[in-house]
Asks: 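Questions regarding the structure given below will be posed in turn.
Just so it is clear: chains get the letters A, B, ... in the order the sequence lines come, proteins before strands, and each one is counted from 1. Scope of the values below: all heavy atoms of this structure, side chains included, with no hydrogens, waters or symmetry mates.
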Amino acid sequence: MLSTLIREKANEGLKELYDVIFSEKEFQVNPTKPEFTGNYTIVLFSLIKTLKNSPDQLGNALGGYLLEKHPTLFIDYNIIKGFLNLTINNELLIEMLNKHHQDPCFGKAPLNGKKIMVEYSSPNTNKPLHLGHLRNNFLGRSIAKILEASGYEVIKTCIVNDRGIHICKSMIAWIKYANGATPESTGMKGDHFVGEYYVKFNDAYKIEIEQLINEGKDKATAEKEAPIMLEAQQMLVDWEKGVPSVIELWRNMNQWVYQGFEVTYKRIGSDFAKTYYESETYLLGKDIIELGLDKHVFNKKADGSIWIDLTDEGLDEKLVLRKDGTSVYITQDIGLAQRKYEEFKMDKSIYVIGDEQNYHMKVLQLICKKLGLPNADDIHHLSYGMVELPTGKMKSREGTVVDADDLIDEMVSIAREHTENLGKVKDFSPEELVALYDMIGLGALKYFLLRVDPKKKMIFNPEESIDFHGSTGPFIQYTHARIKSVLRKSSIDKDFKEYKTALLDPEKELLLLSEQFETVLLQSAESLDPSTLATYLFQLAQSFNSFYAALSIASAESEEKKQLRLKISSMVATVLCSGMDLLGISVPEKM
RNA sequence: GGUCCCGUAGCUCAGUUGGAUAGAGCGGCAGCCUUCUAAGCUGUAGGCCAUUGGUUCGAAUCCAAUCGGGAUCACCA
């Protein structure tokens with residue numbers, strides 16, 4: 001990594017010249033702004049203070065030192081207003097080019113022996129996945145890939161919320177309105193089928209509430225006393241008791257949902273090493289509560305309910321066990337956190353969960369710490385913002401939820417339309433076409449959701465839909481296909497390794513950018529943020545397209561230039577391909 | 001009310017461990033396909049970085065206050 005290397009060498013120089021060692025924070029190495037000559041810039045201001053030197057004096061001393069001591073690294077420097085601009089020796093870049101232009105492992109780190117768990121997706125089994133779930137799935141999958149490429153062993157897990165009042169609602173509605181219909185009998189995808197009954201429940205519930213209000217009850221009582229809600233609650237009790245007919249229906253309906261989910265997961269590329277089911281884990285954590293009572297982490301109130309007081313931490317009191325001894329959400333989570341650690345002994349546990357649960361996750365970690373669980377400090381909440389519509393939040397009650405399957409179908413169909421209009425893939429077989437449309441449609445969707453900083457909420461405008469031009473997945477895919485097309489027509493001569501002619505700006509820019517892949521990957525991994533990588537890949541593709549427009553590759557001015565540019569193109573294609581793969585996006589050879 | 005997050009071009013977003021004249025894409029306008037894929041490229045217009053103070057050589061970035069938006073604080077999950 002050049003920027004790190006430069007920092008190291010500069011630090012050595014400062015030590016030799018002034019006998020002072022600076023920490024990482026105290027000086028910066030940045031890529032030089034395009035309007036100045038040079039490739040990397042050391043900011044001198046912070047150093048001047050300690051060294052009591054003028055910028056020019058210091059810059060010349062350090063620049064001269066670096067040039068003399070590391071001629072393979074630098075070939076020139078200049079100083080402008082306290083910025084020391086360094087020009088990188090082309091030979092260094094050429095060496096990288098020769099070595100890595102076809103290397104799929106370029107920029108990736110070897111195994112580091114550490115284990116990270118990434119929990120993501122985590123759906124409810126009462127309705128199909130929607131746009132929000134897609135952000136979660138894409139983020140989780142991409143982070144897992146980025147961490148793998150950074151040397152970690154990654155365990156992908158999923159917790160399925162397969163029990164509770166929500167699924168009972170779908171079940172009640174099915175009994176009342178389905179007349180024995182099934183996904184098979186209706187030809188519907190299982191998760192959509194079950195979701196429809198969830199909607200039917202809410203419709204019926206709404207009507208009952210209105211009736212009760214008309215009969216003179218207030219809203220809160222009406223909501224509590226609506227018969228269909230009471231039935232759902234009774235069903236939950238029966239489920240916990242294990243009433244066979246309820247369990248059987250529950251199994252069936254969940255099975256339908258899983259069959260539906262599987263299709264979607266397969267399509268978007270989500271997979272898990274281990275799936276936990278809440279029905280199997282919801283009792284975990286109860287015994288830890290006992291332990292916590294002994295340790296005085298928790299306290300029991302007069303009615304028998306058990307609480308933790310987090311007011312010293314600026315939070316509130318939190319219930320961890322109901323007075324009837326049943327557990328609440330957080331109880332299960334404590335139990336599951338412990339279970340996961342027992343099973344996998346991971347060094348770090350990442351939870352990909354929306355920011356609406358920031359408070360919950362804070363409390364969870366705090367409780368785990370107070371209980372002294374061994375993995376408490378290694379719990380990390382990868383919190384992401386909600387996906388909103390221009391009209392505000394998606395609301396299932398108002399029918400404004402963007403369904404995941406529908407959206408994917410729409411994106412794929414737009415991809416097909418675009419491709420057909422352009423007419424560039426007439427030689428594709430029908431199967432190849434289907435694969436290509438999927439690749440482009442999903443590429444557009446994934447890139448759209450991943451290019452934004454995870455922690456920020458984002459707006460999705462279904463009217464304008466997702467573009468295929470500019471900062472998009474298809475743009476990068478297109479750039480890759482374009483390079484591949486060039487490389488099909490002229491082949492790289494492996495023996496060509498020396499390039500005497502000076503590098504032109506667009507050539508050098510691509511080499512410098514490609515070189516930064518490793519740094520960007522590292523940053524993405526450290527900040528658990530695929531958007532950094534997504535932005536970088538766009539920038540690289542954009543630079544390549546400018547290069548492509550400005551310079552001829554196949555009919556370059558000399559064989560040397562032709563070979564150089566072919567290799568640069570190959571280098572860029574390699575980085576685009578592995579970078580996009582880390583976002584969970586495939587790139588085509590042709591499009 | 002307590003806690004936390006956000007506010008950058010008409011729109012969607014980068015840039016936030018403090019660094020040079022704040023950048024992209026979309027949309028607008030003007031151009032570029034008889035040679036490697038125009039899903040592309042080039043140029044141009046568009047900004048009080050919510051507001052006001054502070055910290056310093058230097059602030060979109062750090063601190064404080066204010067205004068605006070959101071999340072959360074359930075014996076729900």
Asks: Closer than 4.0 Å, any side-chain N/O of A/Lys362 to the OP1 or OP2 of B/C73?
Replies: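 No, outside the criterion.
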
Asks: For A/Ser46, answer base if it contacts any base atom (sugar-phosphate contacts may also be present), sugar-phosphate if it contacts only those atoms, and nothing otherwise; contact means non-hydrogen atoms under 4.0 Å.
Replies: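 Here A/Ser46 touches the bases of the nucleic acid.
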
Asks: Once you apply a heavy-atom cut-off of 4.0 Å, does A/Leu422 come out as touching a base, just sugar-phosphate, or nothing?
Replies: base

Asks: Could you tell me how the ring of A/Phe538 sits relative to the ring of A/Phe475: parallel (under 30°), tilted (30 to 60°) or perpendicular (over 60°)?
Replies: tilted

Asks: For A/His418 and A/Phe468, take the angle between the two ring planes, folded into 0 to 90°, and tell me which bin it lands in: parallel under 30, tilted 30 to 60, perpendicular over 60.
Replies: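 If you compare the ring of A/His418 with that of A/Phe468, the planes turn out parallel.
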
Asks: Quick check on RNA chain B: between A/Ile553 and A/Pro454, whose nearest nucleotide comes earlier from the 5' end?
Replies: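 Here A/Pro454 is the residue nearer the 5' end.
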
Asks: Using a 4.0 Å heavy-atom cut-off across all strands, classify A/Met386 as base, sugar-phosphate, or nothing.
Replies: nothing

Asks: Could you check A/Glu388 against A/Glu589 and say which one's nearest nucleotide on RNA chain B is further toward the 5' end?
Replies: A/Glu589

Asks: Looking at B/G40, I'd like to know if its phosphate oxygens (OP1 or OP2) sit under 4.0 Å from a side-chain N or O belonging to A/His469.
Replies: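 A/His469 to B/G40 OP1/OP2: side-chain N or O found under 4.0 Å.
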
Asks: Would you mind classifying the nucleic acid contact of A/Leu551 as base, sugar-phosphate or nothing, using non-hydrogen atoms under 4.0 angstrom?
Replies: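 Since a base atom lies under 4.0 Å of A/Leu551, the category is base.
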
Asks: Heavy atoms only, 4.0 Å cut-off, all strands: where does A/Asn124 land among base, sugar-phosphate and nothing?
Replies: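 Nothing, no nucleic acid heavy atom in range.
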
Asks: How far, in whole Å, is B/C41 from B/G27 if one measures between their P atoms?
Replies: 13 Å

Asks: Starting at the 5' end of RNA chain B, write a dot or bracket for each base, bracketing those in Watson-Crick or G-U wobble pairs whose two distances are under 3.5 Å and using | for partners on another strand.
Replies: (((((((..((((.....[...)))).(((((.......))))).....(((((..]....))))))))))))....

Asks: Would you classify A/Val452 as touching base, sugar-phosphate or nothing, given that sugar-phosphate means primed atoms plus P, OP1 and OP2, and contacts are heavy atoms under 4.0 Å?
Replies: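 Touches sugar-phosphate only.
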
Asks: Distance criterion of 3.5 Å, no angle test: do you see the side chain of A/Ser305 paired donor-to-acceptor with the base of B/C75?
Replies: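 Answer is yes: a donor-acceptor pair is held.
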
Asks: For B/C36, does OP1 or OP2 lie under 4.0 Å from any side-chain N or O of A/Lys484?
Replies: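 Indeed not, no polar side-chain atom of A/Lys484 lies that close.
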
Asks: Are A/Lys457 and B/G70 close enough that a side-chain N or O sits under 4.0 Å from OP1 or OP2?
Replies: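 The answer is no; no side-chain N or O of A/Lys457 sits under 4.0 Å from OP1 or OP2.
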
Asks: Mark yes when over 12 heavy atoms from residues, nucleotides or ligands other than A/Asp505 sit less than 6.0 Å from its CG; otherwise mark no.
Replies: no

Asks: If the cut-off is 4.0 Å, is A/Thr326 near the phosphate of B/C75, judged by side-chain N/O to OP1 or OP2?
Replies: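 For A/Thr326, the contact criterion (side-chain N or O under 4.0 Å from OP1 or OP2 of B/C75) is not met.
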
Asks: Taking the P atom of each, how far is B/C6 from B/U44, in whole Å?
Replies: 35 Å

Asks: Reckon A/Asn161 touches a base, only the sugar-phosphate, or nothing at all at heavy-atom distances under 4.0 Å?
Replies: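 The answer is nothing, as A/Asn161 stays clear of every strand by at least 4.0 Å.
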
Asks: Have a look at A/Asn358 and say if it touches a base, only the backbone sugar-phosphate, or nothing, with a 4.0 Å heavy-atom cut-off.
Replies: nothing

Asks: What are the two closest heavy atoms between A/Ser524 and A/Pro530, and how far apart are they?
Replies: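 Where A/Ser524 meets A/Pro530 most closely, the heavy atoms are OG-CA, 4.3 Å.
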
Asks: Determine: side-chain N/O of A/Ser471 to OP1/OP2 of B/G25, distance under 4.0 Å, yes or no.
Replies: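 Answer no for this pair, as no side-chain N or O of A/Ser471 is under 4.0 Å from OP1 or OP2.
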
Asks: Could you give the distance separating B/G19 and B/A77 at their P atoms, to the nearest angstrom?
Replies: 46 Å

Asks: So what does A/Thr41 hit on the nucleic acid, given a heavy-atom distance under 4.0 Å: a base, only sugar-phosphate, or nothing?
Replies: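 Base contact.
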
Asks: How would you label the contact of A/Phe475 with the nucleic acid (heavy atoms, under 4.0 Å): base, sugar-phosphate, or nothing?
Replies: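 A/Phe475: backbone/sugar contact only, no base atoms under 4.0 Å.
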
Asks: Specify whether A/Phe83 and A/Phe45 have parallel, tilted or perpendicular ring planes, treating 30° as the upper limit for parallel and 60° as the lower limit for perpendicular.
Replies: perpendicular

Asks: Just N and O in the side chain of A/Gln542: are any of them under 4.0 Å from OP1 or OP2 of B/G25?
Replies: yes

Asks: Tell me what A/Phe36 touches on the nucleic acid: a base, only sugar-phosphate, or nothing, going by heavy atoms under 4.0 Å.
Replies: base

Asks: Using the side-chain heavy atoms of A/Lys456, tell me which of these nucleotides is nearest: B/U21, B/U16, B/G40.
Replies: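 When the side chain of A/Lys456 is considered, B/U16 is the closest of B/U21, B/U16, B/G40.
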
Asks: Distance check: side-chain N/O of A/Lys489 vs OP1/OP2 of B/U37, anything under 4.0 Å?
Replies: yes

Asks: Would you please confirm or rule out a distance under 4.0 Å between OP1 or OP2 of B/C76 and any side-chain N or O of A/Arg322?
Replies: yes

Asks: Distance between the C1' atoms of B/G7 and B/U55, in whole angstroms?
Replies: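 Each nucleotide's C1' atom is 23 Å from the other's.
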
Asks: Using atom P of each nucleotide, how far apart are B/A20 and B/U66 to the nearest Å?
Replies: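 The same atom, P, in both gives a distance of 31 Å.
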
Asks: So, applying side-chain hydrogen bond (donor to acceptor under 3.5 Å, both in side chains) with A/Tyr77, which one of A/Asn60, A/Thr41, A/Thr37, A/Thr87 is it?
Replies: A/Asn60

Asks: Counting heavy atoms not belonging to A/Lys455, are there more than 12 under 6.0 Å from its NZ?
Replies: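 No - once you tally the heavy atoms of other residues, nucleotides and ligands closer than 6.0 Å, there are 12 at most.
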
Asks: For B/C36, does the O4'-C1'-N9-C4 (purine) or O4'-C1'-N1-C2 (pyrimidine) torsion place it in syn, i.e. within 90° of 0, or in anti?
Replies: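 What B/C36 shows is an anti base, its glycosidic angle lying more than 90° from 0.
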
Asks: Using the P atom in both, what is the distance from B/G70 to B/U8, to the nearest Å?
Replies: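 It comes out at 15 Å once rounded to the nearest Å.
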
Asks: Show, in sequence, the C-alpha distance, side-chain angles and deciding distance for A/Met1 and A/Val520, and conclude whether the side-chain contact (heavy atoms from CB on, under 4.5 Å) test is met.
Replies: CA-CA 10 Å; A/Met1 281 178 285; A/Val520 172; over 6 Å; no

Asks: Would you indicate what A/Gln477 reaches in the nucleic acid, counting non-hydrogen atoms under 4.0 angstrom: base, sugar-phosphate, or nothing?
Replies: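 A/Gln477: no heavy atom of the nucleic acid under 4.0 Å.
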
Asks: Contact class for A/Asn85 (heavy atom, under 4.0 Å): base, sugar-phosphate, or nothing?
Replies: base

